[in-house]
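Take a look at the structure below.
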Amino acid sequence: MTLHEEDTLFLEEEDRLEGKYFCFELGNQAYAFPMPHVWEVTMPEKISAMPDTPHFVRGVMTLRDEMLPVVDLRTRLGLPPAEEGQEKCLVVIQGREEKAAVLIDRALGVHALPPDAVAEPPALLKNAAGRFLSYLGRDTDGVKMILNVEKLLDHSA
Amino acid sequence: MTTETNAQNRPLYNFLAESRQLLDAVEPQLPRVDFSQTSGMEQDFLHVLLRLFHFFRRNAPGDAFPGIREISIEMENLLDLMQTGLLAPDPRLRPFFYQACRLLRSILDASEGEHPALQEEAQRLVSRVNQLVEELLGPGEKEIHPAPSPTEQGEIVSDKIPQVAELVLSDEMVGRFSEEAAHLLEKAQGSLEVWKPDEGKEGEMAPVVQALHSLKGICGYWGFQDTETLCQEGEKLADAFLTGRLADSADNLDILKQLIHGVDKNLESIAATGRETPCNVGLWRRMIHRLFTEEEAAPQEEVDLATQAEAVAETLPPGESSAPYKVVYQNRIVELQDARFNPEKIEDLNRIIQQLVRTETALTYHPATAEILDAEWKGLMQRCHRLMRELQDVSAGLRVTPMGFLFQQLQRLALDLAFHQGKQVDVQIEGESVELDKAVADKLAEPLAHLVMSAVEKGLETEQERVAQGKPAVATLSLKASRENEEVWIICQDDGRPRQRQDLLKKGVEGRVQDELNRLNVQMDLLQPPGKGATLVLRVPGGQKIVEGTVVRLGPVRYTVPTLSIRDRLEKVERDCWELREGQWGLGLDEEWLPVVRLEKFHQLQPNYADWRDAALLILEEGGEAACLPVDEIMAHQESVIKDLPEYFDGVRGAAGSTLLDSGDISVILDVGGILEMAKIKSLQPEENPGKETL
């Protein structure tokens with residue numbers, strides 16, 4: 001394990017103890033980002049196409065003079081594209097080095113999940129579609145898939 | 001020398017000027033000295049510090065600046081202990097020197113008179129230094145270096161200026177010296193009194209010269225060096241009057257009288273305490289030297305007033321030193337302009353240059369200009385354009401400032417605050433020479449001050465807390481500036497408590513600070529190395545760079561192609577073109593063969609055109625290479641501010657940054673040189689998917 005990976009795990013553990021998550025939906029499934037990584041939620045404005053980028057990058061946008069890459073989370077997670085005209089929303093997330101706006105279907109709000117309601121995902125899920133998954137959170141509304149921000153923002157992952 | 005008031009104020013002015021100069025020289029050196037180990041604490045610097053506090057102790061008019069004497073005695077004592085090795089080097093010492101320098105400066109700035117708050121602070125500093133010394137020495141050593149009491153202040157601290165011999169005089173010796181000296185001085189004064197300017201009698205000035213000569217001799221014998229030098233200068237002056245080398249005008253005579261008055265004061269002090277009163281010998285010497293040089297220089301108007309005025313500058317009220325100040329010189333009021341650039345004028349200059357650049361662009365693209373085919377005209381226009389860019393670069397350089405100045409202010413602030421909160425911190429500075437736009441640096445000062453203050457208040461633990469956590473007792477706060485591409489990064493790092501973003505600033509100021517940072521386009525990132533306090537990275541745009549270019553569209557992407565790299569544009573190809581191999585085309589143009597660059601292949605785009613020969617074409621040229629670039633649409637010509645692409649897009653090939661277009665779209669600035677280079681490499685490689693490229 002590299003130092004970088006160790007740090008990432010350390011941060012994730014901290015995130016879990018922090019206990020607050022920004023929850024949102026893609027299709028019918030609920031997902032979540034740990035709150036310390038979430039900067040703001042905004043509506044998509046003008047997204048400019050960028051050349052020579054991975055297929056999950058929609059382009060680039062400016063938010064108060066700051067340029068941010070826009071990542072289509074559905075494509076990133078290998079989910080089918082949303083239907084045309086479906087309402088969309090952007091979450092600005094910050095990793096260790098990178099910051100990006102992530103396109104989601106619908107924001108659900110900030111939920112508190114105590115550490116005992118957050119568990120490692122089953123091995124099978126982690127190996128398949130869930131490579132961006134760090135934990136599974138459970139509350140009265142159901143299961144939330146807690147995503148690993150660092151991995152999401154890493155092109156090579 | 002015009003009025004008596006001026007003359008009386010002169011020593012005060014001299015003291016203020018010299019003391020500020022000394023502080024200016026010492027303060028910036030403090031952060032560089034390592035107080036935690038003997039090797040870092042160079043003896044030379046100890047001497048520098050000693051000289052500073054010694055100067056204050058000896059020269060500060062105690063009644064005018066209460067507190068200064070107490071501080072300097074205490075610090076001198078501390079340095080004495082360090083120099084003799086009784087006190088081991090300790091990082092906790094540094095803040096005291098900062099605090100002492102800052103307090104001395106504040107007292108000077110607060111002008112004369114009572115300032116209870118400052119006096120109180122001085123007292124607090126003295127007692128805390130005492131406390132630390134006691135702690136470091138242990139109780140046994142305390143008696144060797146007792147804390148000074150006000151009654152014996154002048155006595156206990158020995159003269160520690162190197163090369164100045166210690167001379168212990170008995171009361172009897174002092175008595176004998178004083179008697180003889182007073183006699184000689186009386187003689188000089190008496191003779192001078194009866195001297196009438198411009199009609200002097202030779203016989204009256206000669207005794208003055210004689211008396212000062214003798215006085216000089218005995219002062220030298222007893223080791224009163226300052227008084228000796230004063231006498232020497234006085235003798236020189238009197239001799240010049242006697243021999244007619246210097247006009248015995250009222251002004252000039254007044255100088256001699258003042259000098260003799262200074263000698264008198266010294267003698268009084270010697271009689272009472274066995275020591276000389278402080279006086280600025282160097283200044284006297286310079287002033288008299290200039291009197292001589294001025295006499296020789298003619299006409300008088302050509303004399304460098306500014307330089308002379310430096311020596312005879314009078315009556316500068318404290319606190320007004322930064323304004324263009326007036327000095328009275330030979331009954332003329334001379335206004336001294338600050339030699340530094342006036343920021344407003346620089347702004348004016350920059351504004352005019354910007355207008356000039358815009359006018360030049362308008363002229364270049366004016367339809368009438370396009371009709372001029374004269375080669376010489378075109379050459380001149382190009383030269384004009386180059387010069388304009390150079391002018392822009394030079395003017396941009398005028399308004400930058402090194403970060404060191406701001407950092408030193410922040411350092412002082414952090415140390416002060418830590419001191420008041422009883423915390424120990426070592427503030428380190430790096431990258432002082434990194435330059436930043438002055439206007440930006442000025443506006444950044446407040447947000448940075450808030451961040452540093454919060455780091456000290458909320459981040460740093462007390463000594464006890466740190467020791468309990470196994471951290472070094474003294475916290476470290478480092479301020480670092482570095483240039484990263486087009487940005488200046490200001491990094492503020494501490495090893496205190498880990499903090500979240502919301503804890504970075506005091507409640508109530510976050511909004512204001514964030515707004516200011518947004519206005520300056522500064523991005524602030526918080527990094528939290530596990531268990532290591534907080535690292536704040538402020539990314540400051542290092543000055544705006546403008547690209548002038550043509551905006552084109554290829555598929556969904558907008559590109560800005562720098563104008564300087566565009567040789568020509570063609571609407572539709574009705575010329576010779578060859579397919580060299582599948583997908584690799586060449587264009588024949590005026591007896592020249594140009595490769596066709598298929599940008600869509602490098603950038604994985606789907607263009608709107610079906611056949612590149614129907615597309616709009618740009619002929620690119622850079623570094624002697626040329627090529628043809630088919631695009632879907634040539635959209636506009638515009639000047640825009642260059643922005644770095646987010647790091648996320650670091651891998652995009654052939655991109656030299658981005659610009660925000662008037663339409664709100666973001667365009668990629670094409671790195672033409674890079675694209676031409678890539679086209680060459682690509683042409684050497686076999687086609688990956690030949691079938692797809694067939695046109």
Side-chain angles (χ1 to χ4, degrees), chain A residues 3-4 6-15 17-20 34-40 44-71 76 92-102 150 152-157, chain B residues 498 500-502 514-515 517-532 535 537 539 541 553-559 599-607 641 643-655 657-661 663-668 670 675 678:
Chain A
L3 191 66
H4 182 85
E6 259 175 18
D7 282 359
T8 311
L9 285 182
F10 186 92
L11 283 174
E12 277 175 29
E13 180 60 18
E14 253 186 8
D15 291 344
L17 294 173
E18 184 82 11
K20 286 203 173 134
M35 265 316 271
H37 296 286
V38 177
W39 279 53
E40 64 182 286
E45 285 183 25
K46 203 157 202 168
I47 300 173
S48 303
M50 283 296 291
D52 203 15
T53 47
H55 65 291
F56 52 82
V57 176
R58 274 291 187 90
V60 62
M61 62 176 268
T62 54
L63 186 66
R64 288 186 297 278
D65 277 346
E66 183 182 4
M67 287 205 188
L68 293 173
V70 182
V71 172
R76 184 65 165 140
V92 180
I93 53 171
Q94 169 80 63
R96 185 187 309 274
E97 282 165 1
E98 317 253 32
K99 190 174 177 186
V102 174
E150 293 298 341
L152 269 180
L153 294 178
D154 183 0
H155 308 238
S156 53
Chain B
Q500 293 296 336
R501 206 176 164 81
Q502 60 269 23
Q514 194 56 55
D515 285 351
L517 293 179
N518 289 347
R519 264 196 296 277
L520 294 170
N521 206 3
V522 173
Q523 193 181 327
M524 180 167 76
D525 297 324
L526 169 66
L527 311 175
Q528 283 177 303
K532 276 190 201 156
T535 303
V537 183
R539 296 165 57 180
R553 186 180 60 77
L554 184 62
V557 178
R558 276 144 178 89
Y559 291 95
L599 194 56
E600 68 270 23
K601 284 203 281 182
F602 300 126
H603 282 172
Q604 302 166 41
L605 300 170
Q606 188 60 52
V641 176
K643 290 181 173 247
D644 277 345
L645 277 170
E647 268 177 52
Y648 203 81
F649 299 116
D650 274 355
V652 178
R653 296 165 293 171
S658 65
T659 67
L660 186 59
L661 302 176
S663 59
D665 286 300
I666 294 164
S667 81
V668 175
L670 207 60
I675 288 287
M678 270 158 51

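Within every chain, numbering begins at 1; the chains are lettered A, B, ... in the order of the sequence lines, protein sequences first and strands thereafter. FYI, side chains are in, hydrogens and waters are out, and symmetry mates aren't considered; it's all heavy atoms of this structure. Remember, predicted model here, so these are calculated numbers, not experimental data.
Among residues two or more places apart in sequence or in another chain, the side chain to side chain donor-acceptor pair (under 3.5 Å) test is passed with B:Gln514 by B:Asn518.
Residues A:Asp52 and B:Phe602 form no side-chain contact, since every pair of their non-hydrogen atoms from C-beta on lies 4.5 Å or further apart.
Taking A:Lys99, A:Lys46, A:Glu45 one by one and counting their heavy-atom pairs under 4.5 Å with chain B, the maximum is reached by A:Lys46.
Nearest heavy-atom pair, A:Pro69 versus B:Phe649, reported as atom, atom and distance to 0.1 Å: CB-CZ, 3.5 Å. Considering every non-hydrogen atom in both A:Pro51 and B:Val652, the closest pair reads O-CG2, 3.7 Å. Residues A:Val57 and B:Tyr648 share a closest heavy-atom pair of CG2-CE2, 3.6 Å.
Residue B:Asp665 touches chain A through both its backbone and its side chain, counting heavy-atom pairs closer than 4.5 Å. Only the side chain of B:Leu605 has a heavy atom closer than 4.5 Å to any heavy atom of chain A. At a 4.5 Å heavy-atom cutoff, A:Ile47 makes no contact with chain B through either its backbone or its side chain. In this structure, chain A has heavy atoms under 4.5 Å from both the backbone and the side chain of B:Glu647. In this structure, the portion of B:Val668 lying under 4.5 Å from any heavy atom of chain A is its side chain and not its backbone.
Environment of CZ in B:Arg553: crowded, with over 12 heavy atoms of neighbouring residues, nucleotides or ligands closer than 6.0 Å.
Considering A:Met50, A:Met67, A:Glu98 in turn, A:Met67 is the only one that fulfils the side chain to side chain contact (heavy atoms under 4.5 Å, CB included) rule with B:Pro646.
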Please step through side chain to side chain contact (heavy atoms under 4.5 Å, CB included) for the pair A:Gln94 and B:Leu526, ending with a clear verdict. CA-CA 10 Å; A:Gln94 169 80 63; B:Leu526 169 66; over 6 Å; no
